[in-house]
Amino acid sequence: MLTPRENALNAYRHIVPERIVNLIKDSNNIATYALCERARAVPGRPFGSDGVDWFGVHWKYEEASGAPMDDPAYPPLMTDITQWREKVKFPDLSECDFAEEAKKDLEGPDYDPDKLNLVTILQGPFERLLSLMSTEDALCALLMEPEACGEFFDRVADHKIELIDRLAEVYPIDLIDFHDDY
C-alpha cells in the first residue's frame with residue numbers, strides 16, 4: 001500500500017492512484033507560520049488571523065469565512081496604481097528566518113513524513129492588488145493604467161519567485177497551492 005505522499009504524487013504525475021487523494025488528510029500544510037501574506041497564522045487559524053501583513057495591510061479574522069479579510073477600519077494603502085513604487089513596501093525576505101520555521105514544522109508533532117508536503121501561498125498578484133486598493137480602484141486601474149498594473153504584477157511575481165526559492169532551500173516541498181482566485 002502506498003503512503004499518502006506516494007499516492008498523491010502518483011496522481012500529480014498522471015499515474016492512476018490507489019485511492020482518491022484528500023489534501024486535507026494526506027498532506028502536511030507546511031510553512032504556514034513562516035509566511036505573513038496576511039496577518040500571522042496562529043493555532044487554529046493557519047491562513048492568518050488579526051494583524052498586519054508583510055506589506056502593511058491590516059487584516060481581521062472573520063469567523064463566517066474562516067479566514068482573515070482586509071480590515072475595513074483601515075483605509076487602503078493606495079488609490080492610484082501609478083504610485084505603487086512609492087506606496088508599496090515589499091518585504092525583505094532575507095530578514096525572515098525560514099530555516100527556524102522549517103525546523104519547527106518538520107520536527108513538530110503534527111509533521112508526518114509519509115504525507116505530501118504542501119505549501120499554500122496566499123495573495124497572488126491580483127489578490128495583492130485588491131488588498132492594497134479598493135475593489136473599485138483596482139478594477140479602474142486595470143482599465144486605465146494597464147502598464148502600471150503590469151509593472152506592479154511583475155514585481156509581485158518577482159517577490160513570489162524569491163519567496164518560493166527561499167522556502168525551497170529549507171522545506172521539502174512537493175506541491176505549492178498558489179492562490180489568486182479572484
Any side-chain to backbone donor/acceptor pair from [X] onto [Y]? Under 3.5 Å, distance only.
| X | Y | answer |
| --- | --- | --- |
| R19 | L2 | yes |
| S49 | R45 | no |
| E6 | T3 | yes |

Can you label the angle between the F90 ring and the F152 ring as parallel, tilted or perpendicular, going by 30° and 60°? tilted

Between the side chains of Y111 and N117, is a donor N or O closer than 3.5 angstrom to an acceptor N or O?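 Yes, a side-chain donor-acceptor pair sits under 3.5 Å.
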
Side chain to side chain donor-acceptor pair (under 3.5 Å) partner of E162, the single match among H159, R166, K160: R166

Could you check whether H179 and F126 have their ring centres less than 6.0 Å apart?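 Centroid distance F126-H179: not below 6.0 Å, so no.
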
Heavy-atom side-chain proximity of [X] to [Y] below 4.5 angstrom:
| X | Y | value |
| --- | --- | --- |
| F98 | E169 | no |
| N29 | V119 | no |
| S131 | W59 | yes |

Which heavy-atom pair separates I20 from D26 by the least distance, and what is that distance?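 Taking every non-hydrogen atom into account, O-OD2, 4.2 Å.
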
If every non-hydrogen atom of E37 is compared with every non-hydrogen atom of L163, which pair is closest and at what distance?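 E37 and L163 have their closest heavy atoms at OE2-CD2, 3.9 Å.
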
Pairwise distance CD1(I173) to CG(N28) - rounded to 0.5 angstrom: 12.5 Å

